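Notes follow once the structure below has been shown.
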Amino acid sequence: MNLFRFFGDMSHLASILILLYKIHATRSVRGLSFKTQALYVTVFVARYLDVFTEFVSVYNTLMKIFFISSSCFVLYLMKGRYRPTNDPSIDTFRVEYLLGPCALLALIFHYRWSFLEVLWSFSIFLESVAILPQLFMLQRTGEAETITTHYLAALGAYRALYIPNWIYRYWSEDVIDPIAVTAGIVQTALYLDFFYVYFTKVLQGQKFELPA
Amino acid sequence: GTEDGHKDEL
């Protein structure tokens, strides 16, 4: 565990706490893509099924349990308690265009031909594009609550921090994970546009608004 | 090892 990865994980943890805070404070799930949140549940369940078969560390196990349970809780908040504040009519990204290609990629690229390993690959590919429905929604509405942009920034920072972590691991341990690294670079690249607006507007105290 | 990738990551 190096500092890049540790702060990356902390940023991921923070993003979920910010998300829960946003829902609680505004008593609304407005501006959040249910599709993106449902994709994250799929990602975590597919990847962390190994929590029952592999033991890495207490930290690893606790984080896995947290990510699975918190993402399921967010889905419940969106479809249960705060359902009236959810607007599916602006959440129109076609997730089948993500699920199909990711399943195909996982069948082609994996480390071992076993159910859990192919599922692991699938989850890595799916995570890299899971934010697209949310970014698409942002693009469509052209604006976002500041707290929602902090959530996205923390999530993007988590991905960005994993990149120096991999460089460090390659240098210090001489190991590389081509599937995770390739998908991770793609995932981080998807945030570049968002980060540009976040740094030039939100962090200067302005509202997150895209040019018409 | 390399074969399994970084399975210790989240």
Side-chain angles (χ1 to χ4, degrees), chain A residues 1-2 4-6 8-13 16 40 43-44 47-51 53-57 59-68 109-112 114 116-117 120-121 123-124 127 158-159 161-163 165-170 173-184, chain B:
Chain A
M1 169 81 73
N2 57 67
F4 298 116
R5 209 197 117 191
F6 178 72
D9 285 351
M10 288 307 109
S11 187
H12 193 189
L13 206 61
I16 292 169
Y40 280 129
V43 165
F44 295 142
R47 188 175 319 158
Y48 299 157
L49 275 179
D50 70 355
V51 77
T53 60
E54 307 278 337
F55 179 76
V56 180
S57 63
Y59 170 85
N60 190 277
T61 301
L62 290 179
M63 292 291 262
K64 285 174 175 172
I65 293 170
F66 174 79
F67 289 128
I68 292 180
F109 302 102
H110 46 258
Y111 294 126
R112 282 161 208 261
S114 76
L116 279 183
E117 284 290 323
W120 178 86
S121 272
S123 83
I124 293 286
E127 184 189 350
Y158 144 63
R159 292 318 309 183
L161 282 163
Y162 259 61
I163 294 175
N165 153 61
W166 291 321
I167 296 170
Y168 181 85
R169 292 190 75 166
Y170 180 65
E173 299 167 37
D174 206 28
V175 285
I176 189 155
D177 183 331
I179 294 177
V181 171
T182 312
Chain B
T2 312
E3 201 188 341
D4 281 335
H6 294 160
K7 288 298 165 53
D8 55 320
E9 288 181 354
L10 290 159

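Sequence lines set the chain letters: A, B, ... in the order given, protein chains first and strands last, and positions in each chain run from 1. This one's a predicted model, so the numbers in the text were calculated from it and none came from an experiment.
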(request) List in chain and number order the residues that pass salt bridge (Lys or Arg N to Asp or Glu O under 4.0 Å) with B:Glu9, two or more places apart in sequence or in another chain; answer none if no residue qualifies. (result) A:Arg169
(request) Would you indicate whether A:Tyr168, at its atom OH, is surrounded by more than 12 heavy atoms from other residues, nucleotides or ligands within a distance under 6.0 Å? (result) no
(request) Answer whether the closest heavy-atom distance between the side chains of B:Lys7 and A:Glu117 falls below 4.5 Å. (result) yes
(request) With a 4.5 angstrom heavy-atom cut-off, could you sort out which part of A:Phe44 is near chain B: side chain, backbone, both or neither? (result) neither
(message) Between A:Tyr158 and chain B, with a heavy-atom cut-off of 4.5 Å, which part of the residue counts as in contact: side chain, backbone, both or neither?
(response) side chain
(request) Determine the minimum heavy-atom distance between B:Asp8 and A:Val56, stating which atoms define it. (result) CB-CG1, 3.8 Å
(request) Please state whether the side chain, the backbone, both or neither of A:Asn165 comes within less than 4.5 Å of a heavy atom of chain B. (result) side chain
(request) Taking all heavy atoms of A:Arg47 and all of B:Leu10, pick out the closest pair and write down the distance. (result) NH1-O, 3.3 Å
(message) Report which part of A:Asn60 has an atom under 4.5 Å of a heavy atom belonging to chain B: side chain, backbone, both, or neither.
(response) both
(request) Rounded to the nearest 0.5 Å, what's the gap from CD1 on A:Ile124 to NE2 on B:His6? Could you check? (result) 11.0 Å
(message) Just to verify, what does A:Leu13 make a side chain to side chain contact (heavy atoms under 4.5 Å, CB included) with, not counting sequence neighbours?
(response) A:Met10, A:Met63, A:Phe66, A:Phe67
